[in-house]
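One structure is given below, encoded as structure tokens.
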Amino acid sequence: MSLSGSFPNIVGGFKRVYFPALFLLGLPLTALATPLSGRIDEILKKHHLDRGKIALKIVHLADGAIWYDKNSELLLSPASVAKLTTAQAAMKILRPDFSFKTEFYSQGEPAAGVIQNLWIKGYGDPFFVTESLDVVVKGFQNLGIREIQGNIYADETFYDHEHPFTYLSDDRGKNYLIETGPLVFNFNTVEMIVQPGGQVGKPALLSLKHPTRYVSLQNRVKTKGRRQPVISTERRGDVVVVRGTIPIKIRETSIREMVSEPALFLATSVWEALQLTGITFQGKIVREAIPPEAKLIWTYHSPPLKELISSLGKFSNNFSAEQIFKSLGAFQLGPPATMKKGQEVLQRYLASLGITEPGVYLENGSGLSKSSRLSANHLMKVLSDIYDSPWRDDFISSLSVAGVDGTIERKLGGALRGRVFAKTGSLRKVSTLAGYINHTQGPVAFVFLFNDYPGSKEKINRVMQRILEEVLKETVEMKG
């Protein structure tokens, strides 16, 4: 099978550069002994990285030649590079044009502008945000609704409630809490704006970027003369306590805090948006499953999946990855969505690529787990599967672009600018990078996994930059 396709280059627009692609999935290949191999070995040796828990693999996609291979069979933590697997599994199972829906039900069709009760049922849309409310409001206006009698109910039955949090706790005790749910709003967070007071020693000014009655704030931030803001938050039910200091000379800073009961947060936010248009409601907002007699009156649809995955590739959004991960389990194996089902779907996807070795494991969809294990060979198969997909351009365009945007906007520059499309990964003593190089001799795929390395994360970033620069210099005779 041969491929012919485009490789995105977004510097100066979305100009497409075309290359031949003859990479055969599953073909046994051997590494070439080239000057590049020696140069990479020297870079690793110079920084004391030639031994230990590292794995690198570089493949020239135009002919399948392996340009470099070191420990590619070693199972290591992929960190957020695991999001490549989550996103590609979702694209294959749900397809690129899939959209998450949020359904609105009532006791019957609107009569004289009135509906009896309102149920909101969600399916895990990770991008139901403030802008989504404008679409909801227009939908209700088109239905002619002026009043909601009874209550507003949030239906959470598409997800289980046994494992609402996926988290990592590293050896410094830092927790990354991600609360998933079928109904979530603004990534389950409220954003607060902190501004300095009139003079040093005065209380700071604290407000919500998007005001809501769902949370209240306790302001314990002081104005100081120091250069950087030092601010922390603590959630106490529906109260967020904000502490710390803010410099007198800065304009403002922002900070986010996760809310409790995300489904009720979404339902409250929907109601607040409807109220601004004059729709009246006097009831309560509570959780309840949709009864059999309820009628579907309107459905909100998210942007297509091919657009949503940019939050994973460019910005490494952990929340979105976990929402897609759990919802994917329910869409393929039936509701409710669970961690176990999400894990099973990813294992099935890996198995479809021939990845069935003992020890291969993805604990969640975001990569926020040191228990997850993949090898450079496995991730190269994922990259090859992406490259072999009809949605190749959409997927590669969703990745961060060196020197241009996303997580490698500042990490990789110089000659790499606009030439490297990649996903980053980072945990404590874990730095990973995987993606594609727009090479003059055709696309090149690469996987770099550094675990338990000596030195700083910044050093690893410099090493990865140097290796990629050497790859750009490589010239080989193309195989016919």
Side-chain angles (χ1 to χ4, degrees), residues 125-137 165 167 174-181 183-277 285 302-303 308 310-312 314-323 405-407 409-410:
D125 181 358
F127 267 85
F128 196 95
V129 294
T130 299
E131 291 75 15
S132 307
L133 297 178
D134 295 335
V135 181
V136 174
V137 165
F165 292 97
Y167 66 93
K174 184 176 181 181
N175 289 324
Y176 299 83
L177 291 177
I178 305 169
E179 185 171 0
T180 56
L183 287 167
V184 294
F185 179 63
N186 278 348
F187 311 107
N188 278 355
T189 62
V190 289
E191 185 175 2
M192 295 157 284
I193 306 299
V194 187
Q195 298 172 303
Q199 61 187 54
V200 173
K202 293 291 185 179
L205 304 177
L206 179 65
S207 61
L208 289 166
K209 183 175 182 179
H210 301 291
T212 175
R213 71 189 70 181
Y214 192 74
V215 298
S216 59
L217 305 179
Q218 285 188 9
N219 182 9
R220 299 182 184 177
V221 183
K222 295 291 185 181
T223 306
K224 296 289 185 181
R226 65 178 60 184
R227 295 182 179 179
Q228 297 295 327
V230 179
I231 298 173
S232 63
T233 61
E234 177 187 358
R235 190 182 71 190
R236 298 177 179 175
D238 59 357
V239 177
V240 179
V241 182
V242 187
R243 298 184 176 89
T245 61
I246 184 170
I248 185 71
K249 293 186 177 181
I250 74 168
R251 181 172 175 268
E252 66 181 33
T253 189
S254 66
I255 189 168
R256 288 183 177 270
E257 175 62 35
M258 187 166 286
V259 302
S260 59
E261 304 288 355
L264 298 183
F265 178 41
L266 179 143
T268 300
S269 300
V270 167
W271 155 233
E272 289 170 341
L274 295 175
Q275 184 185 40
L276 292 175
T277 69
I285 298 176
S302 75
L308 298 184
S310 286
S311 71
L312 278 65
K314 290 190 183 296
F315 307 108
S316 204
N317 189 297
N318 298 311
F319 175 81
S320 299
E322 296 303 337
Q323 288 287 124
D405 63 17
T407 56
E409 179 179 1
R410 292 182 175 86

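Residues: numbered from 1 along the sequence shown. Quick note: numbers below take in every heavy atom, side chains included, and nothing from hydrogens, waters or symmetry partners.
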| said: Regarding Glu191 and Ser254, do their side chains bring together a donor and an acceptor under 3.5 Å, going by distance alone? | reply: yes

Nearest atoms (heavy-atom pairs only) where [X] meets [Y]:
X      : Y      : result
Thr407 : Ser316 : CG2-CB, 4.4 Å
Arg235 : Glu257 : CB-OE2, 3.5 Å
Pro196 : Ile250 : CG-O, 3.1 Å
Ala204 : Val194 : CB-CG1, 4.0 Å

| request: Output all residues satisfying side chain to side chain donor-acceptor pair (under 3.5 Å) with Thr253, sequence neighbours left out; order by chain, then residue number. | output: none

| task | Not counting sequence neighbours, which residues clear side chain to side chain donor-acceptor pair (under 3.5 Å) with Ser302? List them please. | result | none

| message | Run Leu274 and Val137 through side chain to side chain contact (heavy atoms under 4.5 Å, CB included) and show every step you take. | response | CA-CA 6 Å; Leu274 295 175; Val137 165; 4.2 Å; yes

Supply the atom-to-atom distance [X] [atom1] to [Y] [atom2], rounded to the nearest 0.5 angstrom.
X      : Y      : atom1 : atom2 : value
Thr189 : Ile255 : OG1   : CD1   : 11.5 Å
Lys222 : Arg243 : NZ    : CZ    : 13.0 Å
Met192 : Thr233 : CE    : OG1   : 5.5 Å
Leu206 : Arg220 : CG    : CZ    : 12.0 Å
Tyr214 : Ile285 : OH    : CD1   : 9.5 Å
Leu208 : Leu217 : CG    : CG    : 4.5 Å

Exam field: side chain [X] to backbone [Y], donor-acceptor pair closer than 3.5 Å:
X      : Y      : result
Asn186 : Thr130 : yes
Gln218 : Val242 : no
Asn317 : Ser311 : no
Thr223 : Ile248 : no

| query | Do Pro126 and Val184 come within less than 4.5 Å of each other through their side chains, counting heavy atoms only? | reply | no

| task | Could you check Phe185 against Leu133 for side chain to side chain contact (heavy atoms under 4.5 Å, CB included), going step by step and ending with a plain yes or no? | result | CA-CA 10 Å; Phe185 179 63; Leu133 297 178; 3.6 Å; yes

| query | Excluding sequence neighbours, so at least two apart, what forms salt bridge (Lys or Arg N to Asp or Glu O under 4.0 Å) with Glu272? | reply | Arg213

| task | Apply side chain to side chain contact (heavy atoms under 4.5 Å, CB included) to the pair Val129 and Ser132, showing each step before the final yes or no. | result | CA-CA 5 Å; Val129 294; Ser132 307; 3.9 Å; yes

| Whether over 12 other heavy atoms sit under 6.0 Å from Gln228 CD | no

| request: Please state whether the rings of Phe319 and Phe187 are parallel, tilted or perpendicular, taking 30° and 60° as the class boundaries. | output: perpendicular

| said: Quick one, Phe265 with Val215, criterion side chain to side chain contact (heavy atoms under 4.5 Å, CB included). Give me CA distance, side-chain angles, the key distance, then yes/no. | reply: CA-CA 9 Å; Phe265 178 41; Val215 298; 5.7 Å; no

